[in-house]
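Encoded as structure tokens, the structure appears first; notes follow it.
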Amino acid sequence: MLISPPVVRIGCWNVNALRVRLPLVECWLKTEHIDIALLQETKVMDKDFPENALKNTGYYSAFWGQKSYNGVAILSRWPLSDVVHLDLNDTGAARCIQATTQGFRVCCVYIPQGQEFDRPAFREKLSFLNGLFHHIAPYVQDYTPTIIGGDFNIALNDEDVWDGDLWRNRVMCSIPERKRLRKILWNGWTMAQWRIKHQKNPATWWAYQHGAWRKQHGLCIDSFLLSPRASDLLSRFWVSQHWRGEQHTSDHAPIGMELYTRNTTSPTF
DNA sequence: ATGACGCCTATTAGGCGA
């Protein structure tokens, strides 16, 4: 029986294929003392998900995968309940899974990258963002602290990109997608990055090509969005960029945050 | 440079991601 700690540590990582990354992911979970993890791009079907290996490492898991692409999972030291698979843009892609654990509602999202403006994939990206807005809107005023974490594939501002001028109006930085993410934020969600409020937010993704990591050509596209109640509990936020420098690593770095588990004064919900 | 890197699927070449 685990004793409730005063804080809970939540991690989030686009792992780019869980099976090849499992040793690195387990190393990350252990060294960063992660209690709850949100994983994207697991690229593994449910029948092949390494549930037993993770159980032996100390985590329950909820997962929704498919062959070759996409795939999301939530790991927790505590049992997961109310697990739902959400097809937010009616494409059938395994891109959103939600569960409740240790009193937190956790929603793990892998937003489509969008490819090019004239492709269906870009319309599906905007449609996913519209669907996400509506799905999470009721949670803003809910007393259960809610966390939306994942790979948003959107750099919200030019300051979130290594070269804002070069990236302006390209996919991941364009006005339509930024508007949709900002609309979600304006509805009451807090980006965990705001807790550390740098001039430039720390990057979370560097392309495998072009020596992007070596040149520090990165973008901030991974985040946690916190409901007001969760935002009230936010203690720390960090980007663990060094994992991007490992051999055989993902093109994303993991992010993490610490939330207090104490009660806060209840407003009149 | 219709490239590059790395993973996937399926068999050594093509699709996709970002």
Side-chain angles (χ1 to χ4, degrees), chain A residues 12-26 28 38-50 63-73 89 91-96 108-129 149-178 180-181 200-223 239 241 243-255:
Chain A
C12 177
W13 198 0
N14 178 324
V15 296
N16 187 9
L18 180 58
R19 281 172 295 181
V20 296
R21 214 74 69 205
L22 193 58
L24 198 64
V25 169
E26 294 198 317
W28 164 67
L38 288 63
L39 308 179
Q40 301 85 40
E41 274 206 91
T42 54
K43 296 186 178 179
V44 58
M45 288 194 286
D46 290 349
K47 67 179 176 66
D48 298 319
F49 191 89
F63 41 88
W64 181 27
Q66 64 184 82
K67 198 173 183 176
S68 305
Y69 307 112
N70 307 320
V72 280
N89 60 358
T91 58
R95 291 181 175 274
C96 182
C108 173
V109 294
Y110 173 42
I111 291 178
Q113 188 270 344
Q115 297 180 349
E116 303 290 341
F117 295 117
D118 56 359
R119 301 255 190 100
F122 192 76
R123 286 188 292 279
E124 288 166 12
K125 181 178 198 175
L126 300 184
S127 152
F128 191 99
L129 288 160
D151 175 3
F152 287 80
N153 272 316
I154 299 169
L156 188 62
N157 295 299
D158 289 349
E159 291 72 26
D160 297 325
V161 181
W162 63 276
D163 186 335
D165 292 330
L166 181 68
W167 279 81
R168 190 164 300 126
N169 294 324
R170 284 164 61 166
V171 172
M172 295 200 284
C173 294
S174 74
I175 302 295
E177 45 195 313
R178 283 180 170 176
R180 278 165 179 80
L181 181 52
K200 289 180 85 73
N201 277 326
T204 62
W205 171 82
W206 301 256
Y208 282 123
Q209 300 103 314
H210 323 292
W213 167 250
R214 179 175 45 82
K215 291 187 273 192
Q216 284 299 296
H217 288 179
L219 276 63
C220 172
I221 56 175
D222 299 87
S223 188
V239 181
Q241 294 188 335
W243 295 101
R244 181 61 180 83
E246 294 290 326
Q247 291 289 312
H248 309 296
T249 193
S250 170
D251 47 351
H252 292 253
I255 60 176

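Each chain gets a letter, A, B and so on, in the order the sequences are listed, and its residues count up from 1.
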Q: To the nearest 0.5 Å, tell me how far Lys43(A) NZ sits from Asn70(A) CG.
A: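 Going from NZ on Lys43(A) over to CG on Asn70(A), the span is 9.0 Å.
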Q | CD on Glu177(A) to CZ on Phe152(A), rounded to 0.5 Å | A | 13.0 Å
Q) Is a side-chain donor-acceptor pair under 3.5 Å present for Asp251(A) with Trp205(A)? A) yes
Q) For Asn153(A) and Gln113(A), does a side-chain donor sit closer than 3.5 Å to a side-chain acceptor? A)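 No, because no side-chain N or O of Asn153(A) sits under 3.5 Å from a partner of the opposite role on Gln113(A).
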Taking atom [atom1] in both [N] and [M], compute the distance separating them and give it to the nearest angstrom.
N       : M       : atom1 : result
dA13(B) : dA4(B)  : P     : 14 Å
dG14(B) : dG3(B)  : P     : 12 Å
dT11(B) : dC7(B)  : C1'   : 16 Å
dG15(B) : dA10(B) : C1'   : 12 Å
dT12(B) : dT2(B)  : P     : 27 Å
dG6(B)  : dA1(B)  : P     : 23 Å

Q. From the list dA18(B), dC8(B), dG17(B), which nucleotide is the closest neighbour of the side chain of Asn14(A)?
A. dA18(B)
Q | Proximity to the side chain of Ala17(A) - top-ranked nucleotide from dA10(B), dA18(B), dC7(B) | A |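 Comparing dA10(B), dA18(B), dC7(B) against the side chain of Ala17(A), the answer is dC7(B).
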Interatomic distance where [atom1] belongs to [X] and [atom2] belongs to [N] [whole Å]:
X         : N       : atom1 : atom2 : result
Arg119(A) : dC16(B) : CZ    : P     : 8 Å
His248(A) : dG6(B)  : NE2   : P     : 9 Å
Asp251(A) : dC7(B)  : CG    : C1'   : 10 Å
Tyr69(A)  : dC16(B) : OH    : P     : 5 Å
Glu116(A) : dT2(B)  : CD    : C1'   : 13 Å
Gln113(A) : dG17(B) : CD    : C1'   : 7 Å
Leu18(A)  : dG6(B)  : CG    : P     : 19 Å
Tyr110(A) : dG17(B) : OH    : P     : 6 Å

(Q) With a cut-off of less than 4.0 Å, is there a side-chain N or O of Asn153(A) near OP1 or OP2 of dA18(B)? (A)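 Answer yes for this pair, as a side-chain N or O of Asn153(A) is under 4.0 Å from OP1 or OP2.
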(Q) Check the phosphate of dC7(B) against Arg21(A), side-chain N and O only, distance under 4.0 Å to OP1 or OP2. Yes or no? (A)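 Yes, Arg21(A) has a side-chain N/O under 4.0 Å of OP1/OP2 on dC7(B).
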Q) When all nucleic acid strands are considered with a 4.0 Å heavy-atom cut-off, which category describes Asn70(A): base, sugar-phosphate, or nothing? A)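 Counting heavy atoms under 4.0 Å across all strands, no contact is made by Asn70(A).
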Q: Please work out if Val20(A) contacts a base, only the sugar-phosphate, or nothing of the nucleic acid, heavy-atom cut-off 4.0 Å.
A: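 Sugar-phosphate, no base atom in range.
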Q) So which one's nearest nucleotide on DNA chain B is more toward 5', Ile221(A) or Thr249(A)? A)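 Looking at DNA chain B, the more 5' nearest nucleotide goes with Thr249(A).
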Q: Take Phe63(A) and Thr42(A) through the side chain to side chain contact (heavy atoms under 4.5 Å, CB included) test and state the conclusion after the steps.
A: CA-CA 9 Å; Phe63(A) 41 88; Thr42(A) 54; over 6 Å; no
Q. Charged N to carboxylate O under 4.0 angstrom, Asp158(A) versus Arg178(A)?
A. yes
Q: Could you tell me which non-hydrogen atom of Lys67(A) sits nearest to which non-hydrogen atom of Met45(A), and how far apart they are?
A: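 Between these two residues, the closest heavy atoms are N-CG, 3.5 Å.
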Q: Write down the atom of Thr91(A), the atom of Asn89(A), and the distance for their closest heavy-atom approach.
A: OG1-OD1, 2.8 Å
Q) Near DNA chain B, under 4.0 Å by heavy atom, which residues of residues 204-216 of chain A? A) Trp205(A), Tyr208(A), Gln209(A), His210(A)
